[in-house]
Amino acid sequence: MSYHFSEIEAKWQKYWKENHTFKTKNPDASTQESTPPFYVLDMFPYPSGAGLHVGHPLGYIASDIIARYKRHKGFNVLHPMGYDSFGLPAEQYAIQTGQHPAVTTLNNINRYREQLDKIGFSFDWSREVRTSDPSYYRWTQWIFMQIFNSWYDRQQDKARPIGELIAIFEKEGNIAVEACSDPVSIFSAQEWNSFSEKVQQEVLSKYRLTFLAETEVNWCPGLGTVLANDEIINGVSERGGFPVERKKMKQWNMRITAYAERLLKGLETIDWTESLKESQRNWIGKSEGTSIEFKVNSTQKQASTHQDLQINPENAHLFQRANQIAQKPTEAESILWKYLKDKRLGQLFKQKAVVGDFIVDFLCSNHKIIIDIDKDTVVQKGEYLKKRTQILEALGYTVLRFKPEELLQDIGPVLSIVQQALREREKSVIRVFTTRPDTIYGVTFMVLAPEHELVLKITTPAQKKEVERYIKETAKRSELDRMADTKSVTGAFTGAYAEHPLTKNPIPIWISDYVLASYGTGAVMAVPAGDERDHRFAKHFDIPIVDIFEDIDTQEKAFSEKGDVKLVHSDFLNGLPYKQALEAVNRKLQEEGVAEVKINYRLRDAVFSRQRYWGEPFPVYYKNGIAKLIPEDCLPLELPEVEKYLPTKEGNPPLGRAHSWHWDEKNNKVVGVKNPEKLPDHTYPLELNTMPGWAGSSWYFYRYMEDQKRDTVFASKQALTYWKKVDLYIGGSEHATGHLLYARFWAKFLKDRGYTTVEEPFQKLINQGMILGESAFIHRIGKNKYISLNRIKKGEETQPIHVDVSLVNTSNELDLEKFKVWRPEFKKAKFLTEDNGKFIVSREVEKMSKSKYNVINPDDICKEYGADALRLYEMFLGPIDQAKPWSTAGLSGVYSFLKKFWRLYHIDKNEEEVFAVTHTKAAADSLKTLHQTIKKITEDIEHFNFNTAVSAFMICVNELTHQACRSREVLEPLVILIAPFAPHIAEELWEKLGHRQSIATAPYPVYEEKLIQETTKTYPISFNGKKRFTLELPLELSKQEIEHLVMEHPRTQEQLNGRAPKRIIIVPGKIVNIVG
RNA sequence: GCUCGAGUGGCGGAAUUGGUAGACGCGCUGGAUUCAAAAUCCAGUUUCUUCGGAAGUGUGGGUUCGAUUCCCACCUCGAGUACCA
């Protein structure tokens, strides 16, 4: 045997390294014209201490095949690799051992690199990035600064520099600017300019795309840090599986919610799998519904006596006159109207509205607020005004009265007063979000989240004790408990009632933890007839259920379908099906000013602070409690040294231990930043949190684009416009709602601010499936007694125990001696073997993991079968995106294929191998085989069907072997064809064919149709759709000729058995079907 | 529960727009070579069969000349998500 893969592979790996074979060309003028760019990227790995197992390279092999293929096709290929090297495991390890995470990380990276190199990837390592490298994370810090210095303009639907927002505030206040978060008070330009810096910054933080906020976070005591939603799986931390609880903490947040709609829409433009897009859609969780206000009854004033409201008949003419005057809007009124119309203050105002006997200037009927502007007339003064106000207030209105001068001078304070009044009113309003406003007549109670701010305000004294007890109880329950227990119904009655906005009936208000504070408004209108949870709650607490669906009894079961079922007991909605009822009720509620159609997203702003050491430091310091950015010139702000990687006694993150952070007390100078002289004052405290793992991975694909000038820009304009985006991205689906969402978010941001050119960074995305391990088990029966698999009797109870798969051969036989060495505690155990003395283990497919002793190391495979065999086998296992079990035994197939392929180019002469490719003309059948293969392989690569491509190679080699083809005309193109899959053997044969240059950029063979054209077709002859025999016929025959020949055939006559066929279907070139 | 995906030999898996089901490989069986083994090569390998054939792609129905492929219902498994109003 002369296929010496280990020599060949070592030789070419060395060659590639020394000749920089895979160095990407820079986009200068010449490349731009001649070679189109193609960017194929793998999700970069976190270099864990365990090293790679055979599952990891699967995606890398696929992307490498594409990269190599595209080079043959003449593309300028960018195919880089790097490390996502900040992260928790290195830090956990540091806490345990005291070893600096940078050291651990470096060791792991070196080990990864060694493993990767053995597989023969065509990465351009000159562009490698490491997220924990200061030269890299300085740009992560820089991007954070740009995000901090930006706000989201809802009108233009893009991020803009914060300076432009400040300019707007200085000129016209914030009346025209919609805030992204909680409502911001309205202020005028004058007011803005008079604010202190602190107030100004507080206001700006409500607009910035990253901001500090007291947020309910997922606190993980086990890890001592907060976690993002996507880092929690089933209520416990993804890493380590520690419980997670809710806690309020001051944290940096990323306003990803500003991009919710664009993140959703963008999915339509990219080529990802439906399931992945679906995950992101679910995560964003858009739902269209109605936000409805319910007034809390208890606080409503009642009109005192009827008599007070009477107008003195003597003065009736005055009132009439006053009303007439009030009808024409004055200049001052016009100004105010500008700010009140179109719900600018969040509430519907009407101009010149009638209230009782009066015409008022402005009315918010929902909140019962009246704004009157003084008129400079006699009739509007004195007793009239007093009486008028008295009457209106008695009716439950708040009357605000302003002088025209106030409005003309500075409208700011006026608006503040109006807003204040609105807020006051809001306090007695419960806003709910519902997607089923059509069921509003079925509301029999309301439920607030226990954390809802109104709960304590509205609770009646009688219910106070119970409500407080319930709140305490739910706060104690951890997230995990809540999730585990979805069946039990709990809640408490507040004693308060709300007023139904349409029927005006009193609605009891409850609290319960089935309503989440973090979604919608934290309150729901409960319709037991139409919602299962509401139904369960109503049943449990004996709250009445109103049937609102025609002919459907909802007393025992809720009916939640949105169909053609008509409504009943629903006033003006009676007889309407879902769709029409929805429209009608929305129209009505909006007219009343108590509701608006609203879009809600499940997506939350992303918490961006971590109380960890091993992450990017924030380029932030605090001056008088205000967060400020350090100057850009000072980046990178490097991680300080600490003596321990644990939180401080005061509960500060580990960075709090760096007493002399960036201030070297001995030498009296600033350290750890560039251009230290530009740092404003080293005595201001720095931010002690670090950034989360997803910070560095949200933009690394741009860094790879850049080859030079790495300290002046994160990536040059030239590089960004040339490469634009990742054409093909390969990685695991576990990043569906984390990395892939955050990276899209940052990409959109960078585009908005003009730093990059594309909206979506990953055009085509493929998720490689997991490679599963084949665990081995021995079976225990009784104490210290183990039984071989085939001796287990049917129904016998055994306890399976994992054993290391390396101790088991391909016949599932366990090496007992080695096993006892591996596990000394089994030394004295009794092993009941088969009759032949062998001990057989059972096998089961499981996830590959150290703890299951089923990990297969790619190094071992490369050593025993070679990298080319590993590459082919991983591709041959099955479709790239599917999970599939690893089986080392199966490797022999591709291994013998490679030997067979090698033999195609050699003959044995007197025990010696001779290269035997000739210049003779190829036989027609060999050319046909070759071109069929070219066609198949090309199609398969384009469609990422690597498994069938490998089998096409096998078919090709089998055929050429049979044909005894030795012709260069066939064998030379074949080497190029296989080079992307098995690059080492291809390079070796390419060299033997006389080439001096690497095969890497050899032009891809061109498929010629005429060489594979057939003249005959073996037709399947079917009877009633079942094939009964085949018949070879010339392809050029017409339907009639085929029919004639088929009908004449004795087998046809036999099948028909004398009957005449009803119909004969002939598809030339495909099939013949005779219907009898 | 919801969403998405998948069910094909002993196993991994093939099957362009509906057109010869089981390609290719593993495993298994038999044979050649060998002192023997490895390696290699050849033949066979869905099931049943009266050796003529017949049935067959999770189950049941439907559309069609023809269904692994399209439609409906159900079952099983996997992934994601989870009181989202």
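All values derive from a computational prediction rather than experimental measurement. Scope of the values below: all heavy atoms of this structure, side chains included, with no hydrogens, waters or symmetry mates. Chain letters run A, B, ... following the sequence lines, proteins first and then strands; every chain starts at 1.
- Shown here, G44(B) is classed anti by the O4'-C1'-N9-C4 or O4'-C1'-N1-C2 angle, which is more than 90° from 0.
- Summarising the geometry, the separation between NZ on K1017(A) and C1' on G19(B) is reported as 9 Å, rounded to the nearest angstrom.
- Summary of the strand contacts: N1024(A) and V1067(A) both lie near RNA chain B, and taking for each the nucleotide with the nearest heavy atom, the more 5' one is attributed to V1067(A).
- One finds no side-chain N or O of K900(A) lying less than 4.0 angstrom from the OP1 or OP2 phosphate oxygen of U40(B).
- Note on R1063(A): a side-chain N or O is less than 4.0 Å away from OP1 or OP2 of C65(B).
- Between E846(A) and N854(A), the shortest heavy-atom contact is O-ND2, 3.9 Å.
- Between K539(A) and E556(A), at least one side-chain N (NZ, or NE/NH1/NH2) sits under 4.0 Å from a carboxylate O, which counts as a salt bridge.
- Close to A14(B), at under 4.0 Å from its OP1 or OP2, lies a side-chain N or O of N947(A).
- As a whole-Å value, the separation of K1070(A) NZ from U20(B) P is 9 Å.
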Inset, instruction - Show your reasoning for whether side chain to side chain donor-acceptor pair (under 3.5 Å) applies to S733(A) and N767(A). - result: CA-CA 5 Å; S733(A) 57; N767(A) 290 130; 4.9 Å; no
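- Along RNA chain B, the nucleotide nearest to T948(A) and the one nearest to A517(A) differ in position, and the one closer to the 5' end is contacted by T948(A).
- With respect to K884(A) and E874(A), no salt bridge is recorded, no charged nitrogen being found less than 4.0 Å from a carboxylate O.
- Between R1028(A) and A54(B) there is a side-chain N or O to OP1 or OP2 distance below 4.0 Å.
- Remark: the separation of the P atoms in U29(B) and A39(B) is 15 Å, to the nearest Å.
- Residue R436(A) places none of its side-chain N or O atoms closer than 4.0 Å to OP1 or OP2 of C84(B).
- An anti base is found at G27(B): its glycosidic angle is more than 90° from 0.
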